[in-house]
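Right, one structure below, let's go through it.
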Amino acid sequence: GIQVEQSPPDLILQEGANSTLRCNFSDSVNNLQWFHQNPWGQLINLFYIPSGTKQNGRLSATTVATERYSLLYISSSQTTDSGVYFCAVARDSWGKLQFGAGTQVVVTP
Amino acid sequence: DSGVTQTPKHLITATGQRVTLRCSPRSGDLSVYWYQQSLDQGLQFLIQYYNGEERAKGNILERFSAQQFPDLHSELNLSSLELGDSALYFCASSVQGAPNYGYTFGSGTRLTVV
């Protein structure tokens with residue numbers, strides 16, 4: 001299967017700071033998604049981004065498919081951004097997702 | 001509310017027992033996926049259904065089975081439960097053929113086997 005590596009594994013930020021999370025994958029994909037798992041366990045879809053750049057408020061993501069990586073940017077972080085951020089990929093646009101191990105983000109006041 | 005409904009939210013049961021987890025996908029979504037999240041294994045894909053048919057299988061144990069019904073809801077059956085089956089079980093749904101939309105996850109069922 002496709003290997004998905006996320007870095008860093010842990011990140012501690014002060015409120016207002018910016019950060020970049022990285023996702024590397026081992027093979028060509030037609031489906032890449034970023035999720036946020038909040039402290040209550042809910043998995044929220046942030047982006048569907050197999051290629052290109054998207055922005056949603058303080059979050060943005062860029063996927064460079066030819067180089068097999070994706071970046072998630074968090075700007076002006078807030079305590080509500082705390083949680084685990086997962087990158088997940090699939091060969092098919094609607095196939096089974098392979099998840100990375102996640103990046104645990106803690107935003108302190 | 002994500003639109004994907006999972007019941008029950010919590011389940012505590014004894015080893016050797018059998019349980020059924022239920023998932024109602026978001027309206028209009030034909031694909032349903034089941035995932036298991038445990039501390040040591042992370043998020044693992046179990047099985048996918050599309051419009052009632054099994055489409056893909058992952059690391060699903062033989063003690064586990066699933067199906068998708070004509071009304072598109074899905075059930076995951078876990079039998080002969082072991083302590084190691086304790087985990088958070090997620091269901092997700094998607095619109096096949098609409099690649100600009102991501103998958104929507106339900107809030108999960110937390111299974112504790114004692």
Side-chain angles (χ1 to χ4, degrees), chain A residues 1-7 9-10 23 25 27-56 59-61 63 65 70 72 83-104, chain B residues 1-6 9-10 23 25-26 28-51 53-60 66 87-112:
Chain A
I2 302 174
Q3 305 301 312
V4 183
E5 292 183 359
Q6 291 187 243
S7 59
D10 301 280
C23 170
F25 44 97
D27 204 348
S28 300
V29 299
N30 288 296
N31 183 341
L32 188 147
Q33 301 183 43
W34 283 96
F35 294 89
H36 174 221
Q37 188 168 34
N38 64 27
W40 295 270
Q42 180 75 36
L43 272 167
I44 307 296
N45 190 293
L46 300 175
F47 295 104
Y48 179 102
I49 186 166
S51 63
T53 297
K54 289 186 178 180
Q55 179 153 10
N56 184 1
L59 301 180
S60 63
T63 297
S70 183
L72 178 70
V84 182
Y85 289 80
F86 289 102
C87 169
V89 304
R91 287 201 173 87
D92 296 332
S93 61
W94 36 269
K96 58 182 182 180
L97 289 174
Q98 179 69 41
F99 280 79
T103 293
Q104 172 88 53
Chain B
D1 181 9
S2 68
V4 177
T5 304
Q6 288 190 248
K9 291 194 185 311
H10 302 277
C23 168
R26 203 177 50 168
D29 287 359
L30 299 180
S31 276
V32 169
Y33 311 79
W34 286 96
Y35 287 85
Q36 179 193 57
Q37 186 177 32
S38 59
L39 285 175
D40 56 345
Q41 296 288 324
L43 271 156
Q44 297 286 320
F45 168 74
L46 295 177
I47 197 163
Q48 177 193 2
Y49 281 85
Y50 172 72
N51 202 20
E53 299 292 325
E54 181 184 305
R55 186 176 179 271
K57 220 169 191 177
N59 299 321
I60 187 167
L88 194 50
Y89 290 84
F90 285 106
C91 164
S93 71
S94 74
V95 179
Q96 184 166 324
N100 287 325
Y101 293 91
Y103 297 179
T104 302
F105 277 75
S107 57
T109 293
R110 186 170 296 279
L111 173 67
T112 303

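To find a chain, count down the sequence lines: A is the first, B the second, and so on, and within it residues start at 1.
Residues passing the side-chain hydrogen bond (donor to acceptor under 3.5 Å, both in side chains) test with Ser38(B) are Asp40(B), sequence neighbours excluded. Residues passing the ring-ring contact (aromatic ring centres under 6.0 Å, His included) test with Tyr35(B), sequence neighbours excluded: Phe99(A), Phe45(B), Phe105(B).
For Thr104(B), no part sits under 4.5 Å from any heavy atom of chain A, backbone or side chain. Of the atoms belonging to Gln37(A), it is side-chain heavy atoms, and not backbone ones, that fall under 4.5 Å from chain B. Looking at Gln37(B), the atoms closer than 4.5 Å to chain A (heavy atoms on both sides) all sit in the side chain, from C-beta outward. Interface remark: Leu88(B) contributes side-chain atoms only to the contact with chain A (heavy atom separation under 4.5 Å). Contacts between Phe47(A) and chain B at a heavy-atom distance below 4.5 Å are absent for every atom of the residue. Interface remark: Tyr103(B) contributes backbone and side-chain atoms alike to the contact with chain A (heavy atom separation under 4.5 Å).
Minimum interatomic distance between Gly102(B) and Gln33(A) (heavy atoms only, all atoms of both residues): CA-OE1, 3.3 Å.
Separating the NZ atom in Lys96(A) from the CZ atom in Arg55(B) is a distance of 9.5 Å, to the nearest 0.5 Å.
In this structure, Asn38(A) places its CG atom where more than 12 heavy-atom neighbours from other residues, nucleotides or ligands lie under 6.0 Å away. Remark: Glu5(A) CD is loosely packed, at most 12 non-hydrogen atoms of other residues, nucleotides or ligands lying under 6.0 Å away.
For the set Gly100(A), Ala88(A), Gly95(A), the entry with the most heavy-atom pairs within less than 4.5 Å of chain B is Gly95(A).
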Checking Leu43(A) against Phe90(B) for the side chain to side chain contact (heavy atoms under 4.5 Å, CB included) test, could you report, in this order, the C-alpha distance in whole Å, the side-chain angles of both residues, the deciding distance, and whether it holds? CA-CA 9 Å; Leu43(A) 272 167; Phe90(B) 285 106; 3.9 Å; yes

